[in-house]
**Q** 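Let me begin by handing over the structure; questions about it come next.
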Protein chains: 2
Amino acid sequence: MYIGLPLKVTLKLTRAKVKSKITLKDIARELEVSISTVSKALKNSEEISRDTKEKIQAFAKLYNYRPNNIAISLKNKRTKNIGVVIPDIVHHFFTTVIRGIEKYANARGYNVIVCSSDESFDREVINMEMLANGSIDGFIMSLSSETQLKNDYNHLKEVTDQGIPVVLFDRITNEVECDKVIIDDLLGAYTATKKMIDQGRKKIGLITTADYLSVSKARTDGYQKALTEHGLEVDESRILKLSSMEMDEELIQDFFENSDIDALLTVNEIFAVYSMRLAQKKGMRIPEDMSFIGFTDGFLSQYAYPSLTVVAQHGIRMGEVAAQMLIEKVESEAEVETYQTKILEPTLVVRDSTIN
Amino acid sequence: MYIGLPLKVTLKLTRAKVKSKITLKDIARELEVSISTVSKALKNSEEISRDTKEKIQAFAKLYNYRPNNIAISLKNKRTKNIGVVIPDIVHHFFTTVIRGIEKYANARGYNVIVCSSDESFDREVINMEMLANGSIDGFIMSLSSETQLKNDYNHLKEVTDQGIPVVLFDRITNEVECDKVIIDDLLGAYTATKKMIDQGRKKIGLITTADYLSVSKARTDGYQKALTEHGLEVDESRILKLSSMEMDEELIQDFFENSDIDALLTVNEIFAVYSMRLAQKKGMRIPEDMSFIGFTDGFLSQYAYPSLTVVAQHGIRMGEVAAQMLIEKVESEAEVETYQTKILEPTLVVRDSTIN
DNA sequence: TATTAACACGAAACCGTTTTCGTTACATTT
DNA sequence: AAATGTAACGAAAACGGTTTCGTGTTAATA
């Protein structure tokens with residue numbers, strides 16, 4: 001049922017000329033020394049004479065010898081791979097986090113294996129099991145919505161029980177003992193809401209998701225806190241709780257038609273940008289008639305018209321911090337583990353959807 | 001120099017209780033049989049008696065035995081990992097391709113290792129070398145812009161010479177013999193341009209990038225072909241060639257101010273959406289006064305105002321096709337290789353930035 | 001009863017490394 | 001001349017599996 005089916009196929013035949021990878025054994029045979037000597041020579045060991053080392057190193061270079069990672073992993077019981085499991089790879093925030101992870105990890109010689117759970121509990125479990133059997137040294141992950149809904153974290157506990165370090169980011173849980181990185185979602189929502197209050201808005205709406213999503217819960221709390229602290233009552237009719245982060249155009253339209261608001265906070269950028277469109281279609285001017293703030297500083301916010309004021313989550317930074325925490329654990333030999341939760345400060349990026 | 005620095009850090013101490021993974025050896029010792037017997041029993045070999053098999057399987061299940069992937073990889077010389085190297089992970093098109101790759105690959109028991117080259121030749125080489133030493137069974141990749149600029153593909157040739165299958169997608173080259181998947185970029189641009197011509201536009205502009213990027217070249221060609229075929233001359237002053245896919249607001253503003261156009265085709269969605277903003281700021285109505293079409297069917301096009309007509313590249317499909325081609329090669333034992341180039345058909349997704 | 005076949009299991013090689021612990025051969029010391 | 005030291009290298013175990021090829025035991029066959 002796909003559009004975009006193969007249109008043309010061009011073929012070409014070629015005889016394979018496989019000069020497969022050279023191993024220590026090959027070098028040893030060729031140079032009539034033992035495997036151990038070759039191994040040591042290539043590590044520049046003091047044990048081997050200058051002559052022999054030079055000969056072996058030259059030969060290895062000539063034939064472009066590269067040690068086999070798999071063999072080294074088996075021997076060292078260390079893979080230098082980090083497993084990353086995220087709910088959605090087509091989401092700006094998560095991909096910036098991956099970027100941060102890659103940046104830090106690659107610089108330290110680690111590869112990043114990315115799996116997306118697609119917001120599914122089962123896929124999260126399958127992916128983790130797949131990777132946990134030796135493929136990776138540790139996990140960095142953000143929980144799928146289904147996992148947060150089921151509130152079942154046995155797959156995480158199994159992994160940590162095996163001594164595999166885990167760092168949770170953004171969508172976390174208190175049920176698992178491990179390192180965590182989040183932004184202060186409550187503060188972010190609080191700041192955003194306060195910004196709109198300070199601009200004189202009194203009827204501030206919120207589009208969020210059900211409370212089982214840890215981040216939405218915190219953002220909702222921040223929103224309410226800001227209202228309460230500034231003497232505004234929390235009016236449930238101004239809050240739309242979607243069942244997930246998925247776009248639901250109809251519900252948002254309904255909400256927009258039927259609620260009396262002069263400002264809107266949303267837990268992602270799509271909800272906000274879509275709402276702005278609805279407002280514009282109704283002839284409202286932004287930000288004169290209505291203000292908008294979303295979460296996530298992605299392309300959408302940047303290039304929407306008007307551009308959207310957002311709570312930036314600093315995904316790259318979060319990824320770097322997560323990678324740093326994980327690698328530290330992976331490389332540590334400490335008997336006693338200490339788990340940390342790092343809380344990053346969100347930033348309000350002010351654009352044209354709010355009054356300046 | 002980061003914003004979003006750690007705000008709070010909470011600590012927690014816990015004694016590690018590592019019950020490390022159980023191995024065949026452990027089971028053999030415990031049950032007083034040989035390792036080979038355990039291995040066979042767990043594979044339900046006919047060689048082993050029912051009694052023994054049941055005993056061993058029960059024990060393995062009880063202790064949650066899982067074979068070590070690394071050991072299996074070493075033995076089989078097959079990792080069941082696919083290496084994906086893309087220029088940019090924070091880009092909608094590439095991330096949808098990853099999705100397609102993951103979808104197909106996971107269903108067949110393969111993991112996906114994602115590395116981004118960040119449009120850098122060096123990072124592309126490094127990443128490939130890292131993965132080529134045993135970590136993966138094959139590559140799926142899209143060339144970095146720097147690689148296409150340098151026109152240097154030795155790292156790819158080295159890899160294919162070693163017998164590691166490679167599938168190139170989207171940003172490809174004819175210099176390397178391997179499987180390829182692309183969309184018909186020329187046709188996509190042609191269709192889009194024709195669409196605007198059919199609507200009566202006579203002064204169609206193009207924002208593209210320098211020709212070294214394979215896709216931009218093809219799209220530029222398609223644009224020119226459509227013009228020529230319809231009796232319109234190609235006016236260089238209506239073409240803006242940026243040096244890369246990076247956003248350059250100033251150049252686009254200049255172009256927009258100084259060129260006389262009534263329609264605009266761009267090689268990605270950002271250029272188009274940004275241009276729409278400029279048009280709106282000038283008081284133009286879209287699509288009445290001017291039409292816009294971009295490439296890539298991402299969130300931006302979908303939620304821009306007005307929504308953007310685009311040439312959809314079917315990333316998911318492309319990923320699936322690429323994964324399928326790669327896995328076929330990986331699992332094939334054919335002596336003679338046949339290389340294919342599959343060309344997917346792009347689709348015009350018509351929205352509000354063009355007249356219907 | 002001797003031979004053979006089937007059954008059930010184990011020994012050992014192998015994948016490609018690293019690393020420990022010999023073991024030579026020669027030089028140095030007493 | 002005997003003892004010791006050292007430089008330079010190799011053998012072998014180990015990592016955790018798979019797989020081939022025995023081998024001993026029992027049951028079926030001639």
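Lettering of chains follows the sequences in order, A, B, ..., and the numbering in each one begins at 1. Owing to the predicted nature of the structure, the values given are computational and were not obtained by experimental measurement.
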**Q** Between dT6(D) atom C1' and Glu46(A) atom CD, what is the distance in whole Å?
**A**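 These atoms are roughly 14 Å apart.
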**Q** Do Asn64(A) and Arg66(A) meet the criterion of a side-chain donor-acceptor pair at a distance under 3.5 Å?
**A**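 The answer is yes; a qualifying pair exists.
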**Q** Between atom CG in Leu42(B) and atom C1' in dT18(D), what is the gap in whole Å?
**A**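 Rounded to whole Å, this separation is 12 Å.
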**Q** NA contact type, Ser36(B), heavy-atom cut-off 4.0 Å: base, sugar-phosphate, or nothing?
**A**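 Base contact.
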**Q** Asn76(B) has an atom CG; how far is it from atom P of dG16(D), in whole Å?
**A**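 Rounded to the whole Å, the gap is 17 Å.
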**Q** According to a strict under-4.0 Å criterion, is Lys25(B) in side-chain N/O contact with OP1 or OP2 of dC15(D)?
**A**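 Affirmative; the distance criterion is met.
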**Q** When the distance from NZ of Lys75(A) to C1' of dT20(C) is rounded to whole Å, what number comes out?
**A**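 To the nearest whole Å, that distance equals 9 Å.
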**Q** Can you identify which nucleotide, out of dG10(C), dG16(D), dA8(D), has its nearest atom closest to the Ala71(B) side chain?
**A**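 Output: dG16(D).
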**Q** I want to check one thing: is the phosphate of dT18(D), taken as OP1 and OP2, less than 4.0 Å away from some side-chain N or O of Lys43(B)?
**A**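 For Lys43(B), the contact criterion (side-chain N or O under 4.0 Å from OP1 or OP2 of dT18(D)) is met.
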**Q** Would you sort out whether Thr52(B) and Ser49(B) count as a side-chain contact (heavy atoms from CB on, under 4.5 Å), showing the intermediate values?
**A** CA-CA 5 Å; Thr52(B) 313; Ser49(B) 73; 2.7 Å; yes
**Q** Check whether any side-chain nitrogen or oxygen of Ser34(A) sits under 4.0 Å from OP1 or OP2 of dG10(D), and answer yes or no.
**A**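 Indeed, a polar side-chain atom of Ser34(A) lies that close.
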**Q** Kindly point out which of dG16(D), dT19(D), dG10(D) is positioned nearest to the side chain of Asn68(B)?
**A**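 Of dG16(D), dT19(D), dG10(D), dG16(D) is nearest to the side chain of Asn68(B).
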**Q** Which residue, Glu47(A) or Arg50(B), contacts DNA chain C at a nucleotide closer to its 5' end, judged by nearest heavy atom?
**A**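 Counting from the 5' end, the first nearest nucleotide belongs to Arg50(B).
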**Q** Looking at every strand, decide which applies to Thr52(A) at a 4.0 Å heavy-atom threshold: base, sugar-phosphate, or nothing.
**A**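 The residue Thr52(A) makes sugar-phosphate contact but no base contact.
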**Q** Rounding to a whole Å, what distance do you find between Leu24(A):CG and dC15(C):C1'?
**A**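 That distance rounds to 13 Å.
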**Q** Nearest heavy-atom pair of Ile113(B) and Val112(A): which atoms, and what distance?
**A**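 Heavy-atom minimum between the residues: CG2-O, 3.5 Å.
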**Q** Under 3.5 Å, is there any donor-acceptor pair linking the side chain of Lys21(A) to the base of dT17(C)?
**A**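 Checked by distance alone, the answer is no.
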**Q** Taking only the side-chain nitrogens and oxygens of Ser39(A), find out if one of them lies under 4.0 Å from OP1 or OP2 of dT17(C).
**A**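 Ser39(A) to dT17(C) OP1/OP2: no side-chain N or O under 4.0 Å.
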**Q** So, does Tyr65(A) get its side chain near the phosphate of dT17(C), meaning an N or O under 4.0 Å from OP1 or OP2?
**A**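 Yes, Tyr65(A) has a side-chain N/O under 4.0 Å of OP1/OP2 on dT17(C).
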**Q** Compare every heavy atom of Thr79(B) with every heavy atom of Gly134(B), then report the nearest pair and how far apart it is.
**A**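 Nearest heavy atoms, Gly134(B) then Thr79(B): O-CG2, 2.9 Å.
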**Q** What's the CD-P distance between Glu54(A) and dA8(D), to the nearest Å?
**A**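 Checked: the CD to P distance equals 13 Å.
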**Q** Write down the distance between CD1 (Ile70(B)) and P (dT18(D)), rounded to a whole number of angstrom.
**A**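 It is 14 Å, rounded to the nearest whole Å.
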**Q** Salt bridge check: are Arg171(B) and Glu119(B) linked by an N-O gap of less than 4.0 Å?
**A**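 Looking at Arg171(B) and Glu119(B), the cut-off is met.
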**Q** Under the criterion salt bridge (Lys or Arg N to Asp or Glu O under 4.0 Å), which of Lys103(B), Arg99(B), Lys342(B) is the partner of Glu320(B)?
**A**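 Among Lys103(B), Arg99(B), Lys342(B), the one meeting salt bridge (Lys or Arg N to Asp or Glu O under 4.0 Å) with Glu320(B) is Lys103(B).
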**Q** Can you check the Lys55(A) NZ to dA8(D) P distance for me, whole Å?
**A**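 In whole Å, dA8(D) P and Lys55(A) NZ are 13 Å from each other.
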**Q** Which of the following nucleotides, dT19(D), dG16(C), dT18(D), is nearest to the side chain of Lys40(B)?
**A**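 Selected nucleotide: dT19(D).
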**Q** Could you tell me whether Ile72(A) contacts a base, only the sugar-phosphate backbone, or nothing, with contacts defined as non-hydrogen atoms closer than 4.0 Å?
**A**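 If one applies the 4.0 Å heavy-atom cut-off, Ile72(A) turns out to touch the sugar-phosphate alone, with no base involved.
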